[in-house]
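Counting begins at 1 with the first residue of the sequence.
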Amino acid sequence: DPLKDIFTLSVGSKCLVKEKTENGNEKTQLYVSYGEKKDTELLLNYGFLNDFVVGSEKTGKSANEADDTVRDRVRRYLAEEFVRRNP
C-alpha cells in the first residue's frame, strides 16, 4: 500500500467528542489538529484559516458540484480575511 507510509491517523481521547443534536440525538464529532500553524501555513497548505467560517452558500448543488463562482467567492473571502489579519 503506497499510502501506508504517507498517512497515519492516531485518535486520542480528546479527538472524539459526543454531542447532542438539535433533535436530541447523539452524534460523535471527530476533531483534527494540524498542530501549531501560522495563518500562512493553514491557508496555503490546507485552504482555510483558523476560526474563520465563510457563510454557507445556497446553490442547490452538493459541495462537490459547487460552481466556480462560489469557489471564487470563498477564495476571495479567505484572501481578504488573511490580509486583514496580516497587515
Side-chain angles (χ1 to χ4, degrees):
D1 181 7
L3 296 179
K4 182 180 178 188
D5 295 329
I6 295 174
F7 182 78
T8 303
L9 178 63
S10 177
V11 179
S13 61
K14 294 182 181 179
C15 293
L16 293 173
V17 177
K18 292 188 185 275
E19 300 173 342
K20 293 278 186 186
T21 63
E22 290 178 6
N23 61 8
N25 294 331
E26 189 175 88
K27 70 175 183 175
T28 301
Q29 176 73 42
L30 173 66
Y31 289 91
V32 177
S33 173
Y34 293 87
E36 292 292 322
K37 303 283 186 209
K38 296 185 237 175
D39 279 346
T40 51
E41 294 173 292
L42 291 173
L43 183 58
L44 294 173
N45 295 328
Y46 305 107
F48 67 87
L49 293 172
N50 192 32
D51 298 325
F52 182 71
V53 178
V54 177
S56 64
E57 298 287 343
K58 304 268 185 203
T59 63
K61 301 178 182 179
S62 72
N64 291 334
E65 297 175 312
D67 63 12
D68 287 338
T69 303
V70 173
R71 283 191 294 269
D72 288 345
R73 189 176 304 136
V74 169
R75 288 183 189 113
R76 188 181 75 244
Y77 290 153
L78 283 167
E80 289 170 353
E81 179 64 11
F82 178 81
V83 169
R84 187 187 69 73
R85 290 184 186 187
N86 300 279

**Study point:** Where at least one partner belongs to residues 29-39, residue pairs that pass salt bridge (Lys or Arg N to Asp or Glu O under 4.0 Å), sequence neighbours excluded
**Key:**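 For residues 29-39, and leaving out neighbouring residues, the salt bridge (Lys or Arg N to Asp or Glu O under 4.0 Å) pairs sorted by first residue read Asp39-Arg85.
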Point to revise | Single-linkage hydrophobic cluster, 4.5 Å side-chain cutoff, Val74 and Leu44 together | key: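 Different clusters.
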Exercise for review: Go through the steps to decide whether Arg76 and Glu80 satisfy the test salt bridge (Lys or Arg N to Asp or Glu O under 4.0 Å), and finish with yes or no.
Suggested key: CA-CA 6 Å; Arg76 188 181 75 244; Glu80 289 170 353; 3.6 Å; yes
Point to revise | Any residue meeting ring-ring contact (aromatic ring centres under 6.0 Å, His included) with Phe82, in chain and number order, not counting sequence neighbours | key: none
Practice item. Name all residues meeting the side chain to side chain donor-acceptor pair (under 3.5 Å) criterion together with Asn25; count only those two or more places apart in sequence or in a different chain, and write none if there are none. Key: Asn23
Check your understanding: Taking it one step at a time, do Thr28 and Val17 satisfy side-chain contact (heavy atoms from CB on, under 4.5 Å)?
Key -> CA-CA 6 Å; Thr28 301; Val17 177; over 6 Å; no
Exercise for review: Just jot down the side chain to side chain contact (heavy atoms under 4.5 Å, CB included) partners of Gln29, sequence neighbours excluded, or say none.
Suggested key: Glu19, Lys27, Tyr31
